[in-house]
Amino acid sequence: MSAAASRVLVADAARPGQHTWLHSIVRWLFITVSLTFLAAVLLAPLATVFAMAFAHGVEAYLKAFADPDTLAAIRLTLITAAVVVPVNTVFGLAAAWAIAKFEFRGKSVLVTLIDLPLAISPVISGMLFVLLFGLHGWFGVWLQEHDISIIFALPGIMLATMFVTFPYVARELIPLMQQLGNDEEEAAITLGAGGWLTFFRVTLPKVRWGLVYGMVLCNARAMGEFGAVSVVSGHIRGLTNTMPLHIEILYNEYNFVGAFAVASLLTLLAVLTLGVKTLVERTGYRGH
Amino acid sequence: MSIILDQVTKHYGGVPVVNDVSLDIGDGEFFVLLGPSGSGKSTLLRAIAGLSGVDHGRIALHGRDVTHLTARKRGVGLVFQNYALFRHMTVADNIEFALRVRHVRGKLRRQRRKELLRLVALEGMDERLPAQLSGGQQQRVAVARALAHKPEVLLLDEPFGALDAKIRDELRRTIREVQRELGITTVLVTHDQEEAFAMADRIGIMNLGRLLEVGAPHDLYSRPATRFVATFLGAANLILARRTADGIQVCGTTIAAADRTPAANEHEVVAVVRPEEVELAPARAALTTNYLAGGVVEEVVFTGALERLRVRLDAAAHTPLLAHDGSDDNASELLQVTRTQHEQRGFAVTPGQNVAVGVRRVHVLPTPLSSFTACAASAQLAEALGREPLLVELAARMKTRITTRSEPKMGVAEALCESADFVGTTVIASQTDCAHRSEWLLRRGARDLLVLPAGATAPQRVLIHWMGEAARNATLAMSASVLRHVPAEAVYVGIFPGQAGGRGPHGMRELLDARSEAQAAHGLEMRTEMRFGEVAEELARRLAEAPGQMLIVGVTELTRFAERFRALLDGGHWPVLIVYRGAP
């Protein structure tokens, strides 16, 4: 930037709150750049998904969902999310409570461990479960003897998803609980409330919006997870294929309408989740 | 009695934050726990509420021992500094919380809520959320909520800390009115002395985990027993003085003491002169009160109703001024004075002016530790001794001073002292022939002698023992004085000659007597330990058991002192304070 231009910018920055022509130009410039970028990287692909899904008409689109394997994939994804989200919610609450309210040895280790799934590649997360429960894994022989299947079955998919989505609720709650402190709980106890009552009437309402926000993020990731699930599922059509895996298979079979139809449904679910998130942000955090 | 605390002690990481606190609070009393931050007052309040347990001691509420009862079952009302209202509930739900928990019927709940809202002057605010209220209103709701279940005790933890001055004043009045109307026993914790004066029936002052003094606001202000209380409650000039048969001698002027207790013999004392008890006049003859010294006005600050001055006393007066409040070091040579408008009109002063200084009233602290004199063979060694960390720390905490003194002939038989006069506590360094030097000093008039090893730090435990009943009272007074300024545990070590059971019953009674006397007369809580054997050896053995210990030992007899005390004094790694009260 030339010296003159930078001088003008500095002069403008020195007068905050004053609307000058330069001020509005800078503002529009920034907005245009970010919107263009958004459109190119985000909106165009999204539009393509729907365009491809409806390329052969609505009928072909709906027909894609008549396929029993597709329906099985949708069902599997929803079941997985329905199990994983509550489990991780309970875990997240417990972990956040422990970290925010108590001082104990190994607290920093626990905090780091909670972040671990965010740091390692999902594929490796899946591999871990194969190494543990696969046929040649540590528990493989024992599991086979007792006729329990984890890898290439529903339990494996759930475990892998759970592992990957593990940090979302806890991460959301820990800073919130630390910030809100312990006083309200102590007040409730001196007023005669027991542990459960204090939890349900004081603690839970206090962190409810943070909790919902964490659950929404957890759900979004649980439904969309590809890498970790791909490793443990075994891609058995109609049995262990989740929606993301099924989309890939359809695509590889050149069934573009089917692939994009399922993709559009997954996208819709994601948009719905984000909608809930926005709603939560609007209503929930206003009170804080 | 509504609240009884008996030897309540609480440690955090080995450090006592509440140290042996015993206290009775009467029915309907408004009691204020006052102390600087970190003095343990909030921890004590939480212990009464049951939110934190105690390591030792007993807590009783209305005759019921609640020491092992959870906070939930104690049924006290607690108000927090930051209100701690349930932020997602309305004012009505907040207040009714304790009643809902107790399954009180809806109609009764609403009735009680109305009653409470009227009491705290918040009628019609029922449906508001806490976030829609001002700080003062939130705290009123918190008070109403804490009173909903009709607790027998109301506890307030710095309830006005987050409010501005005007609202604080208003809320103070409301709380006092509510308290009077309900006649509920109340304990308020604060670090604000003005607040304590304004509200309390009685004040208890805490420092370093200990409850130093308890009394009515006026009594504590006019007759404090400790330096800490004297300087913490309002401003105070501490002056080293001498108690003589006639009264209190300050700078060559003798002032009749307010509390006339005949002095056994002349000794050094610490006198408290409140800034408002100082009179200024153009000349000595114009004073209506006892002349203290001449001085120069250094600073005049007008603060509205009062005028604050600092006066430097003439060097010729040799006034041993100690600190006022420890806030700034330079100020310790300046006398603090406050004057009313009326006095200002009578005699206006400007900085730099020469004035005559008089005092209306002097209060003498009953504390036995007045000042320290570091004593060594040369001036250099004495200087070095005066910089020992423990000595510096003790002097700073006690707001007293360290002087030095050289005694080149220390320990030389038959040699006389450089100066015969021993004042305050004499300090010598711990070294090989320490027992011998100690005897030498004690025989030449030293009464309190601190033997200090190099690099000693503040003790965590103070062992107390006396040989001979004549030294008992002085030893206890000295121990109490030290322990007010050091966060340590006090242990009385009773030592019986020979094997167990030799003098059993009699010795035991003596020990229990001593313990109750310590508590009654000096407010000193001691643990007791019994040992058998030769006194000095047993004490040395006990001191060697753990680091961070100090010994305070009372002595009445100097025969074969050096020989008897060799094990204890020569090259020991522990500080020993010898209190000698022999027959004159």
Side-chain angles (χ1 to χ4, degrees), chain A residues 89 93 96-98 100-108 169 172-216 279-288, chain B residues 12-13 42 45-46 48-52 66 69-90 93-104 129-132 138-139 141-151 153-159 162:
Chain A
T89 302
L93 264 172
W97 182 279
K101 310 281 176 187
F102 304 117
E103 286 303 321
F104 53 90
R105 273 162 168 267
K107 184 164 154 174
S108 56
V169 176
E172 193 60 40
L173 286 183
I174 290 166
L176 185 64
M177 281 191 172
Q178 277 173 340
Q179 181 211 330
L180 293 179
N182 227 352
D183 286 355
E184 286 178 52
E185 281 82 356
E186 288 188 338
I189 288 166
T190 59
L191 291 171
W196 286 112
L197 194 75
T198 304
F199 179 75
F200 284 109
R201 294 287 306 278
V202 178
T203 308
L204 211 51
K206 198 166 79 168
V207 301
R208 62 182 186 270
W209 295 119
L211 186 67
V212 171
Y213 190 77
M215 285 167 73
V216 164
L279 205 69
V280 166
E281 278 176 342
R282 281 244 183 98
T283 56
Y285 282 105
R286 204 170 41 197
H288 288 285
Chain B
Y12 277 130
S42 279
L45 194 82
R46 290 173 62 84
I48 299 173
L51 288 174
S52 64
V66 297
L69 227 52
T70 58
R72 190 188 164 195
K73 300 246 171 70
R74 290 197 191 183
V76 300
L78 180 59
V79 175
F80 295 79
Q81 176 173 6
N82 47 4
Y83 328 132
L85 291 178
F86 306 129
R87 65 193 82 200
H88 58 281
M89 294 186 200
T90 60
D93 287 338
N94 263 287
I95 294 176
E96 287 180 26
F97 187 85
L99 304 174
R100 265 180 219 275
V101 168
R102 287 169 176 74
H103 306 293
V104 174
L129 280 172
Q132 297 165 316
Q138 288 191 47
Q139 196 58 296
V141 175
V143 171
R145 181 181 69 176
L147 290 170
H149 54 297
K150 301 195 171 155
V153 168
L154 179 64
L155 306 174
L156 305 155
D157 190 359
E158 307 230 8

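First the proteins, then the strands, lettered A, B, ... as listed; each starts at 1.
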| task | Output the residues of residues 95-103 of chain B for which the shortest heavy-atom distance to chain A is under 4.5 Å, in residue-number order; output 'none' if no such residue exists. | result | B:F97, B:A98, B:R100, B:V101, B:R102
| request: Just grab all the side chain to side chain donor-acceptor pair (under 3.5 Å) pairs involving residues 70-80 of chain B, residues at least two apart or on different chains. | output: none
Heavy-atom contact with chain A under 4.5 Å, split by part of [X]:
{"X": "B:F86", "result": "both"}
{"X": "B:L129", "result": "neither"}
{"X": "B:R46", "result": "side chain"}
{"X": "B:A142", "result": "neither"}

Can you name the nearest heavy-atom pair linking [X] to [Y], along with the distance?
{"X": "B:L51", "Y": "A:E186", "result": "CD1-OE1, 3.8 Å"}
{"X": "B:H149", "Y": "A:T190", "result": "NE2-O, 4.0 Å"}
{"X": "A:A187", "Y": "B:A84", "result": "CB-O, 4.0 Å"}

| message | With a 4.5 angstrom heavy-atom cut-off, is it the side chain or the backbone of A:I189 that approaches chain B, or both, or neither? | response | both
| remark: Turns out that what part of A:R201 lies under 4.5 Å from chain B's heavy atoms comes down to both
| What pairs meet the salt bridge (Lys or Arg N to Asp or Glu O under 4.0 Å) rule with one or both residues in residues 174-184 of chain A, with sequence neighbours excluded? |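 Qualifying pairs, neighbours excluded: A:E184-B:R87.
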| task | Inspect the surroundings of NZ in A:K101 and state if more than 12 heavy atoms from other residues, nucleotides or ligands are less than 6.0 Å away. | result |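 Yes.
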| Contacts of B:S42 that satisfy side chain to side chain contact (heavy atoms under 4.5 Å, CB included) - sequence neighbours left out | B:D157, B:V189
